[in-house]
Engineer: 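Quick one: the structure is below, questions incoming.
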2 protein chains.
Amino acid sequence: METRKVKNAHHDTTQCYSRLNAIGDALYVLGGKWKLRIIMALSEGNLRFNELQRLVKGISPRVLSNELKELEINGFVKRHIHTEGTVLVEYELTEYSDTLGDVLYALSEWGMMHRENIRKQMRSEEVALAGE
Amino acid sequence: METRKVKNAHHDTTQCYSRLNAIGDALYVLGGKWKLRIIMALSEGNLRFNELQRLVKGISPRVLSNELKELEINGFVKRHIHTEGTVLVEYELTEYSDTLGDVLYALSEWGMMHRENIRKQMRSEEVALAGE
DNA sequence: CGGGATCCTAGATGATACTG
DNA sequence: CAGTATCATCTAGGATCCCG
């Protein structure tokens with residue numbers, strides 16, 4: 001009930017900048033083509049490297065490797081090494097990835113709303129063009 | 001109260017995909033280095049092209065022009081042309097940009113939390129290294 | 001199997017000059 | 001003033017091969 005004042009305090013420049021930076025951080029961590037897809041894949045259970053590569057369609061080993069490293073650094077993923085004769089590596093989501101709940105929810109809600117909106121807009125533009 | 005079930009229905013694959021796409025849409029629209037900064041700048045009042053360029057530090061006219069076009073297409077910005085002797089162009093946020101409220105709020109909250117978290121993590125890693 | 005090393009492309013961004 | 005045109009750069013991501 002105090003944080004919600006942000007909307008009204010929108011023109012508090014200092015607040016504005018720190019929020020902008022925070023948003024930048026969030027987008028940095030979640031951005032890119034793969035991170036969310038990897039998280040989604042792992043949300044259905046632990047996976048090994050090649051399993052992940054198969055599940056996350058189209059990703060190359062290099063990119064997958066990089067993304068997993070970043071996800072690990074950012075605390076979303078744990079890497080488990082089982083050495084039973086041959087080496088096995090398993091990736092697992094951390095509880096920390098659950099903190100993304102609100103963000104993902106807000107993003108997906110807005111995204112769906114926006115997609116609808118775009119469709120309508122395109123239709124009305126088509127009509128406008130047809131009318132000329 | 002029905003939408004909130006998404007978290008529990010996390011393994012509903014269809015739901016999962018449509019949400020993932022929606023999130024992709026949202027990130028696509030908000031992503032990149034400039035869009036949010038431009039929106040922030042415009043939130044303090046309408047601005048003309050060169051004013052914007054001055055306010056959004058470091059952006060080049062070409063990039064600003066492109067970003068504004070995209071923002072306009074996505075319905076965040078209106079472009080007003082006043083022709084009073086010389087041509088004047090003013091950019092204004094639409095009410096639609098207000099629909100971003102929840103998204104920006106969730107992102108900034110999570111971003112701030114995450115930044116704190118990273119700082120702690122880095123400190124503990126330094127300690128670990130110092131201990132070896 | 002789990003990646004690392006290399007090379008490559010496309011798109012995003014930047015710098016700067018120019019124009020109606 | 002409001003951009004556009006042009007050229008340069010930077011980087012995410014992709015393709016492939018290789019190695020322990």
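Only a predicted model underlies this, so the values are computations on that prediction, with no experimental measurement involved. By convention in this document, chain letters (A, B, ...) are assigned in the order of the sequence lines, proteins followed by strands, and residues within each chain are numbered from 1.
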Engineer: Roughly, in whole Å, what's the span from CG in A/Asn50 to C1' in C/dG4?
Structural biologist: 14 Å
Engineer: To check you understand the geometry: which heavy-atom pair defines the closest contact between B/Met112 and A/Ala22, and what is its length?
Structural biologist: CG-CB, 3.3 Å
Engineer: Over how many whole Å does the gap from A/Ile81 atom CD1 to D/dG20 atom C1' extend?
Structural biologist: 14 Å
Engineer: Evaluate the criterion side chain to side chain donor-acceptor pair (under 3.5 Å) for residue pair B/Tyr91 and B/His80; output intermediate values, then yes/no.
Structural biologist: CA-CA 6 Å; B/Tyr91 291 93; B/His80 296 290; over 6 Å; no
Engineer: When all nucleic acid strands are considered with a 4.0 Å heavy-atom cut-off, which category describes A/Glu90: base, sugar-phosphate, or nothing?
Structural biologist: nothing
Engineer: Once you round it to whole Å, what is the distance between P of C/dA17 and CD of B/Gln53?
Structural biologist: 14 Å
Engineer: Select base, sugar-phosphate, or nothing to describe what A/Val89 touches, counting heavy atoms under 4.0 Å on all strands.
Structural biologist: sugar-phosphate
Engineer: Per the atom types in the model, does the base of C/dT13 pair as donor or acceptor with the side chain of B/Arg62 at under 3.5 Å?
Structural biologist: yes
Engineer: For B/Asn66 and D/dA5, what is the distance between atoms CG and P respectively, to the nearest whole Å?
Structural biologist: 11 Å
Engineer: On the nucleotide C/dG3, are OP1 or OP2 found under 4.0 Å from the side-chain N or O atoms that A/Tyr91 carries?
Structural biologist: yes
Engineer: Any sub-3.5 Å donor-acceptor pair from B/Thr94's side-chain atoms to B/Gly75's backbone N or O?
Structural biologist: yes
Engineer: Check the distance between D/dA15's P and A/Ile59's CD1 and give it to me in whole angstrom.
Structural biologist: 11 Å
Engineer: Expressed in angstrom and rounded to an integer, what is the separation of A/Leu71 atom CG from C/dG3 atom P?
Structural biologist: 13 Å
Engineer: In whole angstrom, what separates B/Leu52's CG from D/dC1's C1'?
Structural biologist: 13 Å
Engineer: Please classify the nucleic acid contact of B/Thr86 as base, sugar-phosphate, or nothing, using heavy-atom distances under 4.0 Å.
Structural biologist: nothing
Engineer: Between atom CG in B/Leu64 and atom P in C/dA12, what is the gap in whole Å?
Structural biologist: 16 Å
Engineer: Considering only side-chain heavy atoms of B/Arg79, which listed nucleotide, C/dC1, C/dG14, D/dA2, is closest?
Structural biologist: D/dA2
Engineer: When you measure from the side chain of A/Ser108 to the backbone of A/Leu104, do you find a donor-acceptor pair of N or O atoms at a distance under 3.5 Å?
Structural biologist: yes
